[in-house]
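Report on the following structure.
We count residues from 1, following the sequence as given. Computed over heavy atoms, backbone and side chain alike; hydrogens, waters and symmetry mates excluded.
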Amino acid sequence: MTSAANRAEPVGRAELLARLDRVLGTGGRALLTGPPGVGKTEVALSVAARAEARGETVLWLAALPADRGIPGAAAAALIASVAATALPAQGPGSDADVLAGLPGPQRAAVAMLCREAPMPEGGWDPVALRLALARILRTLAARGPALLVLDGVQCIDPASADLLRFALRLAPPELRAVAVDTPAAYGTADCASDVRHEPEAAAKPLWEPSEADVLNVPPLQADEIAELLIHHRLPARMAGRIHKASGGNPRLALAVGRSLADARTPVHHAESLSLSGRARDLARALLDAVSPDVRATLLLAALALRPSASLIRRAGRPTAEADLAAAERASLIRLTEDGTVAFSAGVLPSTLVHDACWTERSAGHAALAEVVDDPVEAVRHRALATDIPEEGLAAEVSAAAETARRRGNSTLAAELALLAAESTPGLQGAQRIARLVDAAEEAARAARADLAMRATTDLLARDASPADRVRARLAVLDTAGQGLTGLDEIYVHATEDSEGDTALRAAVQLRLAVKHVLADGDPVRSRAAAVESAALAASVGDRATAAKALTVQARMDRVLGSPEAERVLTEARALEMVERPLGVRNAAQILTIRHAMFDDRLTEARDQLGALLPLVERRGSVEDTIELLHTLAEVEARRGQCAAALAHAGRSLALTLEAGLSPGPAWYTLALAETAGGSFARAASYARRSAKASEEEGDHVFLSRSLYALGRIQLLTGDVATAQETLRRVQVSEAAQATVDPSMLRWHEELAEALVAVDALEEAAALLADVRPVAERLGRTTVLLGCDRAHALHLAASGCPDEAASLLTEVAERYAEAGLPLERGRALITLARVERRRRRRSAAASALQSAATVFERAGATPWLALARDTPTAPAEQASTPARGALSSLTDAELRLARLVGQGASNQEAAAKLYLSVKTVEARLTRIYQKLDVRSRAQLATALNG
């Protein structure tokens with residue numbers, strides 16, 4: 001088990017591992033149980049690694065399916081493991097040699113078991129073998145704490161199970177044991193085919209577990225699946241979809257992720273997962289846990305829209321309740337009290353339907369059509385029960401789609417619209433094409449990329465008009481979300497087909513405007529496309545498209561620093577109020593709120609969001625709700641309402657993952673909220689995830705945002721060199737995107753602070769000198785406050801601490817007036833650092849106390865820790881001339897001095913601080929001069945004396 005010591009702990013199992021440690025520390029026995037693939041072995045490996053790290057002896061027995069039929073196989077494997085553990089440590093024949101110390105009869109029995117001696121006709125002596133195994137474990141435990149891990153106990157042969165049961169009963173407390181079991185209810189037939197569907201025939205446990213001993217390993221949550229995917233270098237942007245498909249089962253999630261990665265096709269919704277290979281095989285293995293009769297019942301549940309025990313029974317399965325109970329024991333489904341059926345993983349019903357023949361599917365739909373109590377569902381089942389297109393049925397399905405649309409069930413409406421098109425006879429080509437266009441646009445409203453693509457593919461294979469082709473392609477683009485890369489061909493064809501149709505050209509230009517900013521990172525081209533779209537739409541009286549185009553134009557004007565942004569936005573709002581758009585995403589109304597947020601008119605923004613959110617939650621789409629929650633979380637984080645920010649960001653992420661949308665924006669928002677009131681470590685994790693997902697999507701906007709969030713956290717936590725590197729990436733990205741307005745992403749002050757910290761004072765001054773005139777021209781007053789805070793640090797590092805302290809005092813007061821408590825507290829922490837440099841200990845303590853009070857009121861937990869745990873500068877404790885001279889060092893010089901004083905070479909210090917060796921040498925020369933020392937030894941004395 002030496003390899004286990006280097007293993008990383010499994011994702012999402014920290015709480016389970018802590019509980020497992022407590023159970024082993026008290027009772028010494030633990031049983032890990034759960035369905036196949038849920039990660040039981042990974043948890044056991046982590047426990048073993050922890051034990052090895054403490055110097056304990058670890059024995060690992062992994063029983064294989066083939067072992068079940070070989071008497072004594074597992075016991076022999078365990079004894080071989082003991083020999084491998086004991087002999088190299090002490091040498092053969094030594095007193096500690098566990099096997100050599102056995103009495104003769106026991107040693108002979110062990111030799112027979114391990115096939116090292118001939119087996120007598122009557123077999124081995126069971127009593128001697130029992131005593132031998134018990135003595136081996138006792139002797140091993142006498143050498144110190146030991147851990148026995150029994151993986152796959154359901155596969156242990158009966159003879160070995162009997163021997164282990166006896167030995168464990170006599171084992172001392174120093175020998176702890178973890179058993180990993182997949183109960184027969186989950187399909188342990190791989191180990192014993194005769195008990196495949198007979199859970200009651202499961203083997204007797206190795207010990208009688210108490211309630212505390214049994215630890216169920218649960219599925220991972222959606223956010224944990226995202227972390228798992230990142231760990232395995234799989235597409236994290238599809239975390240929500242993969243979680244729905246896998247039900248949180250790690251093995252299944254990885255198989256689904258690899259299946260999607262291997263497919264190399266854009267995927268934008270959970271239902272569009274085209275699974276094959278390992279993912280399907282794992283799903284089939286899980287379904288093999290139940291009998292064919294139970295699978296037949298589950299097929300009906302997979303075909304139904306709202307499956308329940310009573311519905312399935314009425315559809316011809318009289319044993320429905322018993323069958324579903326067996327499926328629930330196998331963790332294939334969950335049953336509510338009213339009998340509603342929910343599959344534990346989305347890949348299970350899709351596999352059942354995928355593997356069923358047409359006759360089975362048709363019969364199932366026909367049976368369900370007779371018993372469902374909703375006419376819309378009945379029409380759906382009747383249409384799916386036949387493969388013969390018929391206009392009368394197609395018209396019924398089309399009417400059912402309209403009914404579902406009125407009910408607000410956009411997903412069902414999209415499915416029925418496509419079904420209506422596919423039920424239309426081919427001879428009625430015009431009618432079929434019209435229904436395909438309707439299906440594609442309905443799929444876009446429901447964010448169903450798979451249905452939009454199916455409808456569009458069918459349409460493009462027919463003699464459709466250019467206008468119909470454009471409308472279908474636009475529907476596909478509208479379901480792409482943040483991932484617009486790889487769709488260039490669709491844009492090209494849509495542009496070509498829209499020639500001669502002004503309204504369609506306006507619509508195509510609007511989509512291009514969005515693509516240019518998200519996928520291309522080019523706001524100039526985006527603005528040009530938006531201007532053209534608005535003009536074309538206005539010329540044909542299309543106010544809805546004109547309002548959307550003007551909204552994009554206003555957004556780009558803001559990015560580019562144009563003073564026309566607010567005027568254009570006002571024009572868009574006027575058109576929008578007349579048209580009353582169905583959604584708020586990318587609408588002028590939400591952009592108006594975001595502009596208020598950028599300008600730190602936070603109360604105004606919060607009030608507008610608070611009035612809008614309940615309406616959207618009742619009548620809007622999930623994407624609209626997510627958009628509002630994103631913005632509300634950002635506003636509350638900025639206002640210092642940390643608990644509210646975390647709550648809104650958490651809801652946003654949950655809805656995002658549930659809907660199967662790209663999690664990049666939600667992770668960015670949660671990074672901001674966690675930075676404000678949660679944990680810097682969690683904030684950094686979310687920012688990294690957001691950056692990875694945004695890179696996968698080719699989303700330049702949110703890549704810059706997530707890197708900004710990450711760099712800020714790194715700076716706050718003292719990782720200055722890495723922060724500088726991250727923030728430089730933001731600088732390069734924003735420059736490439738021609739971003740001018742500094743209020744939308746306030747990286748300038750963060751990078752300036754990082755540059756001051758590494759003693760790059762001239763570059764920091766130049767950066768501030770560049771951004772300040774822009775902020776003044778645009779009236780971005782709070783951006784100027786951030787510049788002032790960074791400038792104060794520059795003053796302090798330049799030997800002007802008095803001016804720095806005066807400026808920071810003013811900045812803190814003005815932040816308070818602006819209603820930005822966290823920024824006020826940060827300015828006070830900076831003031832405390834400067835006051836320490838001025839050797840004003842009382843003033844520094846007072847500033848820190850004021851900052852702590854601000855953070856405590858806001859619930860800003862990580863910031864409160866910064867205010868309370870800020871280390872005392874060495875200069876404050878100075879009692880000798882050398883110690884007092886430390887106050888003359890800049891922060892960058894002090895960091896280098898400490899590294900060198902701790903023994904780092906110039907090369908090592910340069911690598912650690914991301915500096916050149918020449919810069920380190922020059923900086924060390926200045927340090928030596930300031931401290932009046934001549935060697936590294938004297939430097940260490942000055943630092944520690």
Test log, rule side chain to side chain donor-acceptor pair (under 3.5 Å), inputs Ser706 and Arg688
CA-CA 7 Å; Ser706 55; Arg688 288 189 182 94; over 6 Å; no
Run Asp458 and Arg462 through salt bridge (charged side-chain N to carboxylate O under 4.0 Å, His left out) and show every step you take.
CA-CA 7 Å; Asp458 191 346; Arg462 301 178 184 277; 2.6 Å; yes
Run the numbers on Ser662 and Glu697 for side chain to side chain donor-acceptor pair (under 3.5 Å), then give the verdict.
CA-CA 8 Å; Ser662 172; Glu697 297 279 17; 3.1 Å; yes
Before giving the answer on side chain to side chain donor-acceptor pair (under 3.5 Å), spell out for Thr351 and Arg280 the whole-Å C-alpha distance, their side-chain angles and the decisive distance to 0.1 Å.
CA-CA 7 Å; Thr351 299; Arg280 286 285 187 213; 2.8 Å; yes
Give the intermediate values and the outcome of salt bridge (charged side-chain N to carboxylate O under 4.0 Å, His left out) for residues Arg651 and Glu617.
CA-CA 12 Å; Arg651 279 192 63 203; Glu617 287 178 320; 2.7 Å; yes
Going through the checks in order, is the side-chain contact (heavy atoms from CB on, under 4.5 Å) test met by Ser533 and Thr545?
CA-CA 8 Å; Ser533 175; Thr545 300; 3.9 Å; yes
Is there a side-chain contact (heavy atoms from CB on, under 4.5 Å) between Ile590 and Leu609 once you walk through the steps?
CA-CA 8 Å; Ile590 192 65; Leu609 287 166; 4.0 Å; yes
side-chain contact (heavy atoms from CB on, under 4.5 Å) between Ser733 and Leu707, intermediate numbers included:
CA-CA 10 Å; Ser733 176; Leu707 289 174; 5.8 Å; no
Worked verdict on Arg445 versus Asp478 for salt bridge (charged side-chain N to carboxylate O under 4.0 Å, His left out)
CA-CA 8 Å; Arg445 285 188 284 272; Asp478 289 345; over 6 Å; no
Walk me through whether Arg527 and His516 qualify under side-chain contact (heavy atoms from CB on, under 4.5 Å).
CA-CA 9 Å; Arg527 183 187 183 280; His516 288 326; over 6 Å; no
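Under 4.0 Å is where a charged nitrogen must lie from a carboxylate oxygen, and between Arg432 and Glu422 no such pair does. Arg471 has no carboxylate O lying under 4.0 Å from a charged side-chain N of Asp501, or vice versa, which leaves the two without a salt bridge. Contact check on Asp497 versus Arg473 returns a salt bridge, with a Lys/Arg side-chain nitrogen under 4.0 Å from an Asp/Glu carboxylate oxygen. Between Glu571 and Arg567 there is a salt bridge, since at least one side-chain N of the basic residue sits less than 4.0 Å from a carboxylate O of the acidic one. Salt bridge status for Arg469 with Asp463: absent, with no side-chain N to carboxylate O gap under 4.0 Å. Ion pairing between Glu532 and Arg505 holds under the 4.0 Å rule for side-chain N and carboxylate O. Ion pairing of Arg594 with Glu604 is absent here, as no side-chain N (NZ or NE/NH1/NH2) approaches a carboxylate O to less than 4.0 Å. The pair Glu576-Lys548 does not count as a salt bridge, with every side-chain nitrogen at least 4.0 angstrom from each carboxylate oxygen. Salt bridge annotation for Asp488-Lys515: present, with a cationic side-chain nitrogen under 4.0 angstrom from a carboxylate oxygen.
At distances below 3.5 Å, at least one donor-acceptor pair connects side-chain atoms of Arg511 with backbone N or O atoms of Ala507. In this structure, the side chain of Ser398 does not engage the main chain of Ala394 through any donor-acceptor pair within 3.5 Å. Of the possible polar contacts, none joining the Asp599 side chain to the Arg601 backbone as a donor-acceptor pair under 3.5 Å is found. In this structure, the side chain of Ser350 engages the main chain of Val347 through a donor-acceptor pair within 3.5 Å. Thr669 places a side-chain N or O within 3.5 Å of a backbone atom of Pro665 that can act as its donor or acceptor partner. Side-chain atoms of Ser652 never come within 3.5 Å of backbone atoms of His648 as a donor-acceptor pair (strictly under, hydrogens ignored). A donor-acceptor contact shorter than 3.5 Å links the side chain of Ser246 to the backbone of Ile242. When atom types are taken as modelled, the side chain of Ser362 and the backbone of Ala385 share a donor-acceptor pair closer than 3.5 angstrom.
Between Phe702 and Tyr668, the ring planes are perpendicular. Angles over 60° get that label, and only those under 30° would be called parallel.
The shortest heavy-atom contact between Val397 and Ala420 is CG1-N, 3.5 Å. Here the closest heavy-atom approach between residue Leu628 and residue Leu613 is recorded as CD1-CA, 3.7 Å. Across all non-hydrogen atoms, the minimal contact from Gly664 to Ser694 is CA-OG, 4.5 Å. Residues Asp387 and Pro389 come closest through the heavy atom pair O-CD, 3.5 Å. Here the shortest heavy-atom pairing between Ala440 and Ala475 reads O-CB, 3.2 Å. For the residue pair Ile225 and Ala239, the shortest heavy atom distance occurs at CG2-O, 4.1 Å.
Taking the side chain as every heavy atom from C-beta outward, Leu416 and Glu442 never approach each other to under 4.5 Å. Residues Gln737 and Val559 form no side-chain contact, since every pair of their non-hydrogen atoms from C-beta on lies 4.5 Å or further apart. Side-chain atoms of Val492 and Glu489, non-hydrogen and from C-beta on, never get closer than 4.5 Å to each other. Using a 4.5 Å heavy-atom threshold, the side chains of Leu778 and Val774 count as touching. The shortest side-chain heavy-atom distance between Val376 and Arg407 falls under the 4.5 Å cut-off. Side chains of Leu436 and Thr424 form no contact here, defined as non-hydrogen atoms less than 4.5 Å apart. At least one side-chain heavy atom of Pro663 sits under 4.5 Å from a side-chain heavy atom of Leu657. When side chains are defined from C-beta on, Glu391 counts as touching Gln431, because their heavy atoms get closer than 4.5 Å.
With sequence neighbours left out, the side chain to side chain donor-acceptor pair (under 3.5 Å) criterion links Asn409 to no other residue.
Met556 contributes atom CE, which lies 11.0 Å from atom OG1 of Thr551 (distance to the nearest 0.5 angstrom). For the atom pair CG (Asp450) and OG1 (Thr479), the distance works out to 8.5 Å, reported to the nearest 0.5 Å. Taking CD from Gln553 and CZ from Arg558, the interatomic distance works out to 15.0 Å, rounded to the nearest 0.5 Å. A distance of 10.0 Å separates OG in Ser743 from NE2 in His748, rounded to the nearest 0.5 Å. Taken from OG1 in Thr411 to CG in Leu451, the straight-line distance is 8.5 Å, to the nearest 0.5 Å. We find the CG-OH distance between Leu672 and Tyr708 to be 7.0 Å, quoted to the nearest 0.5 Å.
Of the options Ile433, Thr456, Leu460, a side chain to side chain contact (heavy atoms under 4.5 Å, CB included) to Asp468 is made by Ile433 and by none of the others.
In the model, Glu566 has a side-chain atom that pairs as donor or acceptor with a side-chain atom of His595 under 3.5 Å. With hydrogens and angles left out, the side-chain atoms of Ser704 and Glu734 include a donor and acceptor closer than 3.5 Å.
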